[in-house]
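Report on the following structure.
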Amino acid sequence: MDFQRARSAEQRDQRRRVILATASAMLAEMSVAEISLNELSRRVGLAKSNVLRYFESREAVLLQLLNDEIDAWIAALDLSGISSDADIAARANLLAQALANSLAARATLCDLISSQAAVLERNVSADVVLQHKRAVNVSVGVLGELLTSSLPEMPQTDIYHLIVTLFLTAAGAWPHGQPTEALLAAYAADPGIGAHSTDFVAFMRNSLELTILGLHARRSCSEDKSNVFE
């Protein structure tokens, strides 16, 4: 793709969108670790120095893409079938399943989440980190409102705990649920090893369901203890 020099704010914004779209397409072919600034620049049709006019590093590109992917996931998340009138166990099961399935359907998002802390937040300036974290905080607020509609009895501190658990669990479980060819060969050679492989959806569902029920039980226990001394 051959670009002329971007002169207007609209042209610069379009250039940024093209860079992000190209990075997203690359993630459909390769892992975060395999994406290089040189290859990204080549596919966009810009010199590496020109790409750096719009993003200060490869990691800055991917952090912005992570923000966009989080927002797209939340916007598409449908929890309307979970009635707040159902008992907590039923809601915990349905909510955990919906969250797990929706994440599993977004491989790019999960790849980026799993690389966020260890890779993407390392080679960036404080300004980029601030922009990223502030965007994440806004997204967490929107997600929190969605979860509260399904779990109205849960205080905001517990909703936030659930969201943090969701992201941290996805970050760890996703790469384990994407075995390499060597791992698959090892599992085939020794089924005993393969029996301990991670199923991403099942692991996420169980972890989130247990978190919801555990937070609810802890809150109920605290309230019961308070009532004893009233």
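Remember, it's a predicted structure, so these values are computed and weren't measured experimentally.
For the pair Arg12 and Tyr54, the cation-pi criterion (under 6.0 Å, within 45° of the ring axis) is not fulfilled.
No side-chain donor from either of Asn93 and Gln97 sits under 3.5 Å from a side-chain acceptor of the other. Checked by atom type, the side-chain pair Asn50/Arg53 shows a donor-acceptor distance below 3.5 Å. Checked by atom type, the side-chain pair Asp78/Ser80 shows a donor-acceptor distance below 3.5 Å.
Atom CG of Leu40 sits about 6.5 Å away from atom OG1 of Thr22, to the nearest 0.5 Å. Separation of atoms OG (Ser125) and CD (Gln131) is listed at 9.0 Å; rounding is to 0.5 Å. Distance check: Leu120 CG to Leu62 CG gives 5.5 Å after rounding to the nearest 0.5 Å. Within the model, atoms CG of Asp158 and CZ of Arg219 stand 5.0 Å from one another, a figure rounded to the nearest 0.5 Å.
Side chains of Trp73 and Leu99 form a contact here, defined as non-hydrogen atoms less than 4.5 Å apart. Residues Leu147 and Met154 fail the side-chain proximity criterion, which asks for heavy atoms closer than 4.5 Å. Leu215 has its side chain out of reach of Ile159: every pair of non-hydrogen atoms, C-beta onward, lies at least 4.5 Å apart. Side-chain atoms of His216 and Glu153, non-hydrogen and from C-beta on, do get closer than 4.5 Å to each other.
Listed by chain and number, the residues in a salt bridge (Lys or Arg N to Asp or Glu O under 4.0 Å) with Arg106 amount to none (sequence neighbours excluded).
Among pairs with a residue in residues 140-180, those fulfilling ring pair (Phe, Tyr, Trp, His ring centres under 6.0 Å) read Trp174-Phe200, at least two apart in sequence or across chains.
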